[in-house]
**Student:** 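Take a look at this one; I'll ask things after.
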Amino acid sequence: MNSEENFVIAIHGGAQNKDRNTFTPEMEEAYKKGIEEALLTGWEVLNDDGPALDAVEAAVRVLEDNPLFNAGRGSAINCEKDTEQDAAIMDGKTLKAGSVAAIRFVKNPVSLARKVMETTEHVMLTGPGAEEFARRSGLELRPSEYFITQEKLEEFKNTLNHEKHTAGKGTVGAVALDKKGDLAAATSTGGLTNKLKGRVGDSPIIGAGTYANNEACAVSCTGDGEFIIRGVFAHLVYALIKFKNMSLHEALREVFRINGEGLKTEMGIIAVDRKADAELFYNTLPMYRGYRRNQEPAFLAIWEDEFRIE
Ligand code: ASP
């Protein structure tokens, strides 16, 4: 039990290898603001005694609405110059999970994932079936153009000049522990730039990009989904804690060591546990990230620099 009523939320807005000199100070400020807004939105839910599930959904919705991040509005452009979104949410208390993949018209995919979890007998809905379910459930819909931004179109054009045909463009995620001691995780993404229509990444695959279990931790990943799926990295963090008695920090370190010896993908993983520890690991240049525990100041960072807000 969480007798001390500790609570914590951690979020990420994607990890990718971008050079710092491609960022203007204004861009850094805008990303920082976006992360800060999402983090504090989730933190308020927890501070007001709300459940971890509400906190991660609220934080991810803020990032989905922000066109800077690759989720919801501002999703990566696929090979048909369109966007498709994936999202998942998991409740660490009940081990219920919901996810959606390759959907096109839902303003907040994470909320559709939650509807799948709470109102159906299923875990995952995809494509037109998921969109039809969103319509029936009364979720906010938007036309394709809403999701497409000029910046992501430029990134798409640049990707076409590269030898590697797709590019990781980030993902957003949140993990939280509430005052009752319950954990939850949520992840949402537009996937890879220039991906094939219908391609599904790790984010909506429970155990790959998203996992929560009150026995150990809540986890959200970002990076090349094809690798994260094969590494089953979110569940691996859980398994190392549960079966190897590792701390959260040791488990994350071990996952990155295993990745370094095997799949060698670029990725970021955020995780929290029932002791209100938060770990934010990445092997890329930046990872937009932040966490806030209890009444402590928030930690926010993009690069190796770290800054705090009151
Ligand atoms: N993990 C996401 C995907 O493969 C992309 C990313 O995080 O960069 O869909």
Side-chain angles (χ1 to χ4, degrees), residues 10-18 31 34-35 38 60 63-64 66-72 74-79 82-90 99-104 109-110 113 124 126-127 130 147 151-152 155-156 158-159 162 164-175 185-211 219-237 255-256 259 263-271 280-289 302:
I11 66 168
H12 70 79
Q16 54 190 283
N17 267 333
K18 267 193 173 177
Y31 278 105
I35 288 292
V60 166
L63 293 167
E64 286 176 338
N66 186 331
L68 285 177
F69 299 94
N70 174 18
S75 284
I77 308 296
N78 70 13
C79 70
D82 198 359
T83 68
E84 288 184 334
Q85 292 78 30
D86 299 338
I89 192 161
M90 185 160 183
S99 77
V100 291
I103 57 166
R104 292 172 62 209
V110 69
M124 180 183 257
T126 66
F147 299 91
E151 191 208 342
K152 300 291 167 30
E155 286 178 356
F156 170 72
N158 293 339
T159 306
H162 285 156
K164 188 168 177 275
H165 296 302
T166 58
K169 281 290 160 258
T171 278
V172 308
V175 288
T187 312
S188 182
T189 190
L192 303 181
T193 299
N194 200 28
K195 66 183 180 180
L196 291 177
K197 183 178 160 72
R199 176 265 186 190
V200 176
D202 58 298
S203 311
I205 310 285
I206 300 304
T210 307
Y211 194 72
V219 185
S220 173
C221 302
T222 174
D224 253 327
E226 280 68 11
F227 290 79
I228 297 171
I229 290 170
R230 286 180 279 153
V232 204
F233 286 131
H235 189 268
L236 185 54
V237 177
V255 166
F256 275 77
N259 174 57
L263 291 160
K264 293 191 176 58
T265 193
E266 289 163 4
M267 66 176 178
I269 302 182
I270 60 167
L280 302 91
F281 272 54
Y282 59 104
N283 59 10
T284 48
L285 292 171
M287 177 162 89
Y288 313 107
R289 62 199 190 279
I302 298 176

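Just so you know, ligand 1 is whichever comes first in the structure, and atom 1 is the first atom listed for that ligand.
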**Student:** Check whether any N or O atom of Gly223, backbone or side chain, sits under 3.5 Å from an N or O atom of ligand 1, and answer yes or no.
**Tutor:** yes
**Student:** Side chain to side chain donor-acceptor pair (under 3.5 Å), that's the test. Do Gln85 and Ser75 meet it? Break it down for me.
**Tutor:** CA-CA 7 Å; Gln85 292 78 30; Ser75 284; 3.0 Å; yes
**Student:** Could an N or O of ligand 1 be found under 3.5 Å from any N or O of Asp86, whether backbone or side chain?
**Tutor:** no
**Student:** Considering distance alone, does some N or O of Thr222 sit under 3.5 Å from an N or O of ligand 1?
**Tutor:** yes
**Student:** Answer with side chain, backbone, both or neither: which part of Lys195 has a heavy atom less than 4.0 angstrom from an atom of ligand 1?
**Tutor:** neither
**Student:** Does some non-hydrogen atom of Gly14 fall short of 4.0 Å from ligand 1?
**Tutor:** no
**Student:** Whether the side chain of Lys195 engages the backbone of Thr83 through a donor-acceptor N/O pair (distance < 3.5 Å, no angle test) should be reported.
**Tutor:** no
**Student:** Under 3.5 Å between some N or O of ligand 1 and some N or O of Gly225?
**Tutor:** yes
**Student:** Below 4.5 Å, heavy atoms only, C-beta onward: do Met90 and Tyr211 meet side chain to side chain?
**Tutor:** yes
**Student:** Any atoms of ligand 1 less than 4.0 Å from a non-hydrogen atom of Asp202? List them with their elements.
**Tutor:** 1 (N), 2 (C), 3 (C), 4 (O)
**Student:** Under a heavy-atom criterion of less than 4.0 Å, does Gly170 contact ligand 1?
**Tutor:** yes
**Student:** Between Lys197 and Asp82, does any NZ, NE, NH1 or NH2 come within less than 4.0 Å of an OD or OE carboxylate oxygen?
**Tutor:** no
**Student:** When only distance counts, is Arg199 in polar contact with ligand 1, meaning an N/O pair under 3.5 Å?
**Tutor:** yes
**Student:** So, are Arg199 and Glu84 salt-bridged, with charged N and O less than 4.0 Å apart?
**Tutor:** no
**Student:** Taking the six-membered ring for Trp and the full ring for Phe, Tyr or His, determine whether the centres of Phe69 and Tyr31 are under 6.0 Å apart.
**Tutor:** yes
**Student:** Once side chain to side chain contact (heavy atoms under 4.5 Å, CB included) is applied, do any residues pair with Thr171, and if so which ones, sequence neighbours excluded?
**Tutor:** His12, Thr187, Thr189, Ser203, Thr222
